[in-house]
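First up is the structure itself, then whatever we jot down about it.
What you see is a predicted model; the values in this text were computed from it and never measured. Naming: A, B, ... by sequence-line order, numbering from 1 per chain.
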There are 2 protein chains.
Amino acid sequence: MTSHPTANEVYDMVRKRLPRIGLGTVYRNLELMSESGIILKLEVGGTQKRFDATVESHYHIRCSVCGKVDDIDIEVQEEINETAAKSSNYKILGHHIEFSGICDDCQAEEQKLH
Amino acid sequence: MTSHPTANEVYDMVRKRLPRIGLGTVYRNLELMSESGIILKLEVGGTQKRFDATVESHYHIRCSVCGKVDDIDIEVQEEINETAAKSSNYKILGHHIEFSGICDDCQAEEQKLH
DNA sequence: ATAATGTATGATAATTTTTATTAAACTTTA
DNA sequence: TAAAGTTTAATAAAAATTATCATACATTAT
């Protein structure tokens with residue numbers, strides 16, 4: 001899937017097929033899958049972690065109103081890691097860009113109120 | 001300060017001066033201060049939120065080993081918001097870059113083991 | 001087949017982090 | 001200096017995640 005569900009949202013989806021599955025099983029398998037590189041665990045803004053079926057490097061945008069997370073399809077900035085390495089004594093491993101904005105659904109909601 | 005303490009770390013620091021202060025008071029005031037723009041609330045990777053005394057736009061790096069968060073002093077990419085706006089139907093509000101890496105302390109730790 | 005061993009599960013408890021509640025202490029205003 | 005307003009510490013509650021463990025399920029060996 002292309003959405004970025006939280007563990008609870010995955011639980012709700014999976015339960016439609018496997019009604020007796022436990023939330024712990026969902027957490028455990030999401031963790032195992034992200035450890036083995038099948039999925040990504042996103043530590044984006046908000047209170048919950050989110051999971052991403054696309055493991056190739058890409059960026060995200062998070063709606064400041066509803067918290068929804070979507071992919072942002074812009075070019076990955078490979079060179080920025082070297083730039084960062086020059087002005088830091090960390091060994092740079094990678095980077096992630098998180099945009100914040102208002103999704104079209106929430107923009108429409110806002111319009112309704114005026 | 002230039003570090004990026006969690007609420008609990010702030011609590012520990014403040015308690016040295018005000019031993020009877022409560023953790024709730026720390027959370028409440030950090031929240032109020034970030035709402036009014038005196039400080040930043042960082043929603044970076046890891047399980048806890050962190051707070052930043054520097055409110056001017058800048059980027060961060062997080063140590064994958066110990067979780068420490070530092071500033072990365074590279075130029076802020078103003079134009080990237082417009083790039084993102086073109087390939088998204090979100091109304092873009094801003095962005096944040098979080099690098100991941102290994103801090104010098106943890107690099108030194110690693111050396112010790114060899 | 002079936003017994004023995006290994007692995008994953010659901011149920012539940014425990015932990016961690018943050019937010020909410022509230023009576024009392026402190027401040028400001030009248 | 002009394003009344004009203006605000007902030008606090010203490011505590012409870014909520015939200016998210018991780019740990020525990022007996023049992024169910026699957027695999028392998030006999």
Side-chain angles (χ1 to χ4, degrees), chain A residues 1 3-55 60-70 96 98 100 103 106, chain B residues 1 3-55 60-70 96 98 100 103 106:
Chain A
M1 56 170 43
S3 74
H4 301 74
T6 63
N8 228 305
E9 285 164 1
V10 172
Y11 177 52
D12 285 343
M13 294 178 222
V14 174
R15 244 189 322 177
K16 285 177 185 149
R17 291 219 193 171
L18 304 169
R20 296 187 43 76
I21 198 171
L23 179 57
T25 304
V26 172
Y27 268 104
R28 179 160 17 83
N29 286 296
L30 286 172
E31 190 62 38
L32 289 170
M33 287 156 90
S34 71
E35 273 170 21
S36 67
I38 301 170
I39 62 171
L40 282 186
K41 173 152 79 166
L42 302 184
E43 306 205 326
V44 292
T47 52
Q48 297 171 76
K49 302 222 163 68
R50 289 174 176 274
F51 297 88
D52 191 335
T54 308
V55 293
H60 293 101
I61 183 160
R62 179 166 177 276
C63 177
S64 312
V65 179
C66 69
K68 183 169 69 179
V69 174
D70 273 308
H96 178 243
E98 182 182 336
S100 65
C103 72
C106 288
Chain B
M1 56 169 45
S3 74
H4 301 74
T6 63
N8 230 304
E9 285 165 359
V10 172
Y11 178 50
D12 286 342
M13 294 179 223
V14 174
R15 241 184 330 174
K16 286 179 186 151
R17 290 219 194 172
L18 304 168
R20 296 187 44 75
I21 198 171
L23 179 58
T25 305
V26 172
Y27 268 104
R28 180 164 13 82
N29 285 295
L30 286 172
E31 190 62 39
L32 289 169
M33 285 154 89
S34 70
E35 274 171 21
S36 68
I38 300 171
I39 62 172
L40 283 186
K41 174 152 76 167
L42 302 184
E43 307 205 327
V44 291
T47 52
Q48 292 162 281
K49 300 222 166 67
R50 290 175 175 273
F51 297 88
D52 190 334
T54 307
V55 294
H60 294 100
I61 183 160
R62 181 165 176 278
C63 177
S64 311
V65 179
C66 69
K68 184 169 69 177
V69 174
D70 273 309
H96 178 244
E98 183 182 336
S100 64
C103 72
C106 289

Could you pull out all residues at least two apart from Val55(A) that satisfy side chain to side chain contact (heavy atoms under 4.5 Å, CB included)?
Leu40(A)
Could you give the side-chain donor-acceptor pairs of residues 42-50 of chain B under 3.5 Å, partners two or more places apart or in another chain?
unit_1   : atom_1 : unit_2   : atom_2 : d
Glu43(B) : OE1    : Gly46(A) : N      : 2.5
Arg50(B) : NH1    : His4(B)  : O      : 2.8
Arg50(B) : NH2    : Gly67(B) : O      : 3.3

Does any residue of residues 25-52 of chain B have a heavy atom under 4.0 Å from DNA chain D, and if so, which ones, in number order?
Thr25(B), Arg28(B), Asn29(B)
Locate the shortest heavy-atom distance separating Ala7(A) from Phe51(A); write the atom from each residue and the value.
N-CE1, 4.0 Å
Evaluate the side chain to side chain contact (heavy atoms under 4.5 Å, CB included) criterion for residues Glu98(B) and Glu98(A): first the C-alpha distance (whole Å), next the side-chain angles of each, then the deciding distance (0.1 Å), finally the verdict.
CA-CA 8 Å; Glu98(B) 183 182 336; Glu98(A) 182 182 336; over 6 Å; no
Both Asn8(A) and Gly24(A) contact DNA chain D. Which one's nearest nucleotide lies toward the 5' end?
Asn8(A)
Length of the line joining Leu23(A):CG and dA13(C):P, which is rounded to integer Å
15 Å
Interatomic distance, Asp52(B) atom CG to Met1(B) atom CE [nearest 0.5 angstrom]:
11.0 Å
Mind checking what makes side chain to side chain contact (heavy atoms under 4.5 Å, CB included) contact with Ser34(A), not counting sequence neighbours?
Glu31(A), Ile39(A), Lys41(A)
For Arg15(A) and dA11(C), give me the distance from atom CZ to atom C1', rounded to whole Å.
14 Å
If each of Ala7(B) and Ile21(A) is mapped to the nucleotide of DNA chain C with the nearest heavy atom, which maps nearer the 5' terminus, i.e. the 5' end?
Ile21(A)
Checking Asp12(A) now: which residues fulfil side chain to side chain donor-acceptor pair (under 3.5 Å) with it, not counting sequence neighbours?
Arg15(A)
At a 4.0 Å cut-off to heavy atoms of chain B, the contacted part of DNA chain D spans dT8(D) to dA10(D)
Heavy-atom pair with the smallest gap, counting every atom of Asn29(B) and Thr25(B)
ND2-O, 2.8 Å
